[in-house]
There are 2 protein chains.
Amino acid sequence: MDNHLDGFFSALADPTRRAVIERLTTGPAPVSELHAPHDMALPSFMKHLGKLETAGLIRSEKVGRVRMVHIEAGPIAEAETWLKKQRRLWEGRLDRLSALAEHIEEESNNG
Amino acid sequence: MDNHLDGFFSALADPTRRAVIERLTTGPAPVSELHAPHDMALPSFMKHLGKLETAGLIRSEKVGRVRMVHIEAGPIAEAETWLKKQRRLWEGRLDRLSALAEHIEEESNNG
DNA sequence: ATAATACTTAGCCTTATGGATAACCATCTT
DNA sequence: AAGATGGTTATCCATAAGGCTAAGTATTAT
């Protein structure tokens, strides 16, 4: 059960990295452009990109001296699936509980 | 833009804590029961519960000497929403790209 | 050939994280 | 009243995370 969810969630547990993902949904970009809006030294910023890349959330390749970065599909869907599953299980339980509550109420009305 | 997503994602970035959440979808439980399957000292385990609680993912109250823990609704849905949004944006972009590609292909066939 | 651009690498620092032990307090049980 | 149960508090420790500066390496531009 120790999937890539670890790296995935911890990759998104940082506002800088979430901002990068949000930016990348509008299309690929070179490192320098991604870096621009963040008030932080480039090497620090590169660490964030590194984390996103090892988590599989982005991919990048270098063309000349420029490194282009683009978003990656799979992982987001995977995490979404996990969350959805938990929510469903939990909501299902609530439903059964309220059904039970109704049942008990009926019983007490009729009996 | 610095919501509760930080705490939320980092709370789920650990297998122990995700396991606790999974367990809690089947219903509330006392700390000792939650702890049992995890090969880890109680105080260490309690830190995980603490993180889940400050992230708003669980809530707990003490009855006698027992502390009962249950899962909390909102945050999961919120994170799911964020992920869904990113995925939609990104898929939307792919769609536009492939539409563009088709268009170009048509052009080159007709012209 | 020089200089500017766009990263890279290396090393340092501080705080957060995930784990442990030891000792403590508050309830039940017997 | 003792003892067992179920947490809690206090410390401590090692490693990871997030930030920095300084210096280095390729490419491209002049």
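Chain identifiers are assigned alphabetically (A, B, ...) following the order of the sequence lines, protein sequences preceding nucleic acid strands; residue numbering begins at 1 within each chain.
A:Glu33 meets the salt bridge (charged side-chain N to carboxylate O under 4.0 Å, His left out) test with A:Arg23; sequence neighbours excluded. In this structure, B:Ala36 has no side chain to side chain contact (heavy atoms under 4.5 Å, CB included) partners at least two apart in sequence or on a different chain. Partners of A:His48 by ring pair (Phe, Tyr, Trp, His ring centres under 6.0 Å), not counting sequence neighbours: none found. Scanning for ring pair (Phe, Tyr, Trp, His ring centres under 6.0 Å) contacts around A:His70 gives an empty result, with sequence neighbours left out.
Within a heavy-atom distance below 4.0 Å of DNA chain D, the residues of residues 48-58 of chain A found are A:His48, A:Lys51. Contacts between residues 37-44 of chain A and DNA chain C, counted as heavy-atom distances below 4.0 Å, involve A:Leu42, A:Pro43.
To the nearest angstrom, P of D:dT25 lies 18 Å from CZ of A:Arg67. Per the geometry, CE belonging to A:Met46 stands 15 Å off P belonging to D:dG19, to the nearest Å.
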Look for any protein N or O under 3.5 Å of an N or O in nucleotides 11-14 of chain D and output each such pair with its distance, or none.
none

What pairs of nitrogen or oxygen atoms, one from the protein and one from nucleotides 24-30 of chain C, lie under 3.5 Å apart?
from, atom 1, to, atom 2, distance (Å)
C:dT27, O2, B:Arg65, NH1, 2.9

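Between the axis at the start and the axis at the end of the helix from C:dA1-D:dT30 to C:dT30-D:dA1 there is an angle of 20°, using five pairs per end and rounding to 10 degrees.
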Ignoring hydrogens and angles, write down the donor-acceptor pairs under 3.5 Å from the side chains of residues 72-86 of chain B, residues two or more places apart or on other chains.
from, atom 1, to, atom 2, distance (Å)
B:Glu78, OE2, B:His4, NE2, 3.4
B:Glu80, OE1, A:Arg87, NE, 2.5
B:Glu80, OE1, A:Arg87, NH2, 3.3
B:Glu80, OE2, A:Arg87, NH2, 2.7
B:Thr81, OG1, B:Ala77, O, 2.8
B:Trp82, NE1, A:Glu22, OE2, 2.9

Acceptor/donor pairs from residues 49-56 of chain A side chains to any protein atom, 3.5 angstrom cut, sequence neighbours excluded:
from, atom 1, to, atom 2, distance (Å)
A:Lys51, NZ, A:Ser10, OG, 3.4
A:Glu53, OE1, A:Ser60, OG, 3.1
A:Glu53, OE2, A:Ser60, N, 3.1
A:Glu53, OE2, A:Ser60, OG, 3.3
A:Thr54, OG1, A:Gly50, O, 3.4
A:Thr54, OG1, A:Lys51, O, 3.3

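Grouping Ile, Leu, Val, Met, Phe, Trp and Tyr residues whose side-chain heavy atoms lie under 4.5 Å apart, directly or via other members, places A:Met68 in a hydrophobic cluster with A:Val66.
Contact between the side-chain N/O atoms of A:Lys62 and the OP1/OP2 oxygens of C:dA6 is not found at any separation under 4.0 Å.
Under the 4.5 Å side-chain criterion, counting only non-hydrogen atoms from C-beta, A:Val69 is not in contact with A:Pro30.
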